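As the structure is a prediction and not an experimental result, all values here were calculated from the model. Here is how names work: the chains are called A, B, and so on, in the same order as the sequence lines, proteins then strands, and each is numbered from 1.
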Number of protein chains: 2
Amino acid sequence: MKTASRSNNRLEVLLSSAAELFSTFGYQATTTRDIAKKCGMLPGSIYYHYPNKEALLVAVYQEGVRQLTERVQSVLATSDDPWERLELMLATHIEMIVEPTAYASVIIRILPDNVPSVEAELTRLRDQYEVVLRDLVGALPLPLGCDRRLMRLFLIGAVNHVHVWYQPGGSSPSEIAKELLRYFRCPAQSNSEGSS
Amino acid sequence: MKTASRSNNRLEVLLSSAAELFSTFGYQATTTRDIAKKCGMLPGSIYYHYPNKEALLVAVYQEGVRQLTERVQSVLATSDDPWERLELMLATHIEMIVEPTAYASVIIRILPDNVPSVEAELTRLRDQYEVVLRDLVGALPLPLGCDRRLMRLFLIGAVNHVHVWYQPGGSSPSEIAKELLRYFRCPAQSNSEGSS
DNA sequence: CCTACCGATCGGTAGG
DNA sequence: CCTACCGATCGGTAGG
């Protein structure tokens, strides 16, 4: 049986193969030949789908952001409590970045300035996703004097670092998210503030 | 005037050139020719000092850990208060990793698994430094039920991420460290714990 | 004309 | 440290 869209039937496996290799070994260390081999193509065949290696990375990044956003939005629909929503978001984020085959790992492993030729585009995609976290932090009831931008940056740093130390036998993603927010739920009032 | 150790008089500039390039562009993206050019050598001459590119990275890593440990130990001598000591350590750490020419940036930019052939050695060096943080977190007066290991991992993730978003015009390293510890000083008591 | 690649090779660069 | 190179592999492209 012939299908009309046979042209894209190997694009998916190409993208997921690239995602897995990029997230495991990094961008520079992954060769186009590695990617081709993993998805059963010959080395040159990648260039039928993408004009170059950078464009392939951008495509993986896009899919990563899409998957992260989709999953996060779906769990956010289950709660109205600001702290619970943040905890759900962080738990889902951790879940997705510790899954080594996932596109999401690429987004935290490959920093935009690792690939200068597409740095602006990668930054745009990251920022697009981080808006979700910014809004969740923005909705929290916090004492005056809390810098929500810094809080967001501390949280994203802490959860992305989980990718480095996570072990399947240890704390689960939701346990990690819960323990992290234990600290942020009750910030100490800033004291000894000099007049400025 | 001849000196006996003429053989090492360019080693320092080789190491610092490598550190700057590794921290700016990453390990894979920095070529041995880039490094040689930066310190006025010809491509092959690096191999007079180090047997290969990995060994050069290890030397940079070692110097980074040495400098970080030295600076941190010196500021720790100025206080006996556990929370103040932790804040001083974190502020010093941030200071050193946002300085782009510093060896310390290499340690947080190049993860051990970026270079599998020397992964064990790089991990050993990182762990050696992180012992300082482990001891500082261990000395804190904390409520029961706080997981000090997780707290340490959250802190190191948050401060290392500063390297990504730090802008010279914004919050200073010590302001960032102070604001971060505001959250960790007063963890919420864990509630709704089910019996297990 | 198109889809989905292949066999071979391009200009350059890697560590040594 | 330099000169003069090597084995191999890199990302990318040729015609079919």
- Item | Residues which pass side chain to side chain contact (heavy atoms under 4.5 Å, CB included) with Arg85(B), listed by chain and number, not counting sequence neighbours |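 Checked Arg85(B) against side chain to side chain contact (heavy atoms under 4.5 Å, CB included); matches are Leu76(B), Ser79(B), Leu136(B).
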
Under 4.5 Å side-chain heavy-atom separation, chaining through any Ile, Leu, Val, Met, Phe, Trp or Tyr, what else clusters with [X]? Say none if it is isolated.
{"X": "Val131(A)", "value": "none"}
{"X": "Val164(B)", "value": "Leu111(A)"}
{"X": "Val13(A)", "value": "none"}

- Message: Reading 5' to 3' and counting Watson-Crick or G-U wobble pairs with both distances under 3.5 Å, write the dot-bracket notation for DNA chain C, | for bases paired outside the strand.
- Response: .....|...|....||

Distance check needed: [N] [atom2] versus [X] [atom1], whole Å only.
{"X": "Tyr48(A)", "N": "dC5(C)", "atom1": "OH", "atom2": "C1'", "result": "8 Å"}
{"X": "Met41(A)", "N": "dG12(D)", "atom1": "CE", "atom2": "C1'", "result": "16 Å"}
{"X": "Leu11(A)", "N": "dC5(C)", "atom1": "CG", "atom2": "C1'", "result": "13 Å"}
{"X": "Ile46(A)", "N": "dG12(D)", "atom1": "CD1", "atom2": "P", "result": "10 Å"}

- Item | Sugar-phosphate only, base, or nothing, as touched by Pro51(B) at under 4.0 Å among non-hydrogen atoms |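 Touches sugar-phosphate only.
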
- Query: Applying salt bridge (Lys or Arg N to Asp or Glu O under 4.0 Å), which residue pairs with at least one partner in residues 61-76 of chain A are found, sequence neighbours left out?
  - Reply: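 Every salt bridge (Lys or Arg N to Asp or Glu O under 4.0 Å) pair that includes a residue of residues 61-76 of chain A, provided the two are not neighbours, is Glu63(A)-Arg66(A), Arg66(A)-Glu70(A), Arg71(A)-Glu95(A).
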
- When you get a sec, tell me which of dT3(C), dC2(D), dC6(C) is the closest nucleotide to the side chain of Ser45(A)?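 Side chain of Ser45(A) sits closest to dC6(C).
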
- Item | Close aromatic pair by centroid cut-off 6.0 Å: Phe184(B) and Tyr183(A) |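 Ring centroids of Phe184(B) and Tyr183(A) are less than 6.0 Å from each other.
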
- Can you list the residues that meet the salt bridge (charged side-chain N to carboxylate O under 4.0 Å, His left out) rule with Arg124(A), with sequence neighbours excluded?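 Checked Arg124(A) against salt bridge (charged side-chain N to carboxylate O under 4.0 Å, His left out); matches are Glu121(A).
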
- Item | Same-atom distance (P) from dA4(D) to dG16(C), integer angstrom |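 To the nearest whole Å, 22 Å.
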
- Roughly how far apart, to the nearest Å, are dG12(C) and dA8(D) at atom C1'?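 The same atom, C1', in both gives a distance of 13 Å.
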
Between the protein and nucleotides 9-11 of chain D, which nitrogen or oxygen pairs are less than 3.5 angstrom apart?
residue, atom, partner, partner atom, Å
dG11(D), OP1, Thr30(A), O, 3.4
dG11(D), OP1, Lys53(A), NZ, 2.7
dG11(D), OP2, Thr32(A), N, 2.9
dG11(D), OP2, Thr32(A), OG1, 3.3
dG11(D), N7, Arg33(A), NH1, 2.8
dG11(D), O6, Arg33(A), NH2, 3.1

- Task: Assess Lys53(A) against Tyr27(A): is NZ or CZ under 6.0 Å from the centre of the six-membered ring, and within 45 degrees of the ring's axis?
- Result: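 Because its charged atom sits under 6.0 Å from the ring centre and within 45° of the axis, Lys53(A) does stack over Tyr27(A).
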
- Message: I need the full list of ring pair (Phe, Tyr, Trp, His ring centres under 6.0 Å) pairs touching residues 130-157 of chain B, with sequence neighbours left out, sorted by first then second residue.
- Response: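 As it turns out, there is no ring pair (Phe, Tyr, Trp, His ring centres under 6.0 Å) pair with a partner in residues 130-157 of chain B once direct neighbours are skipped.
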
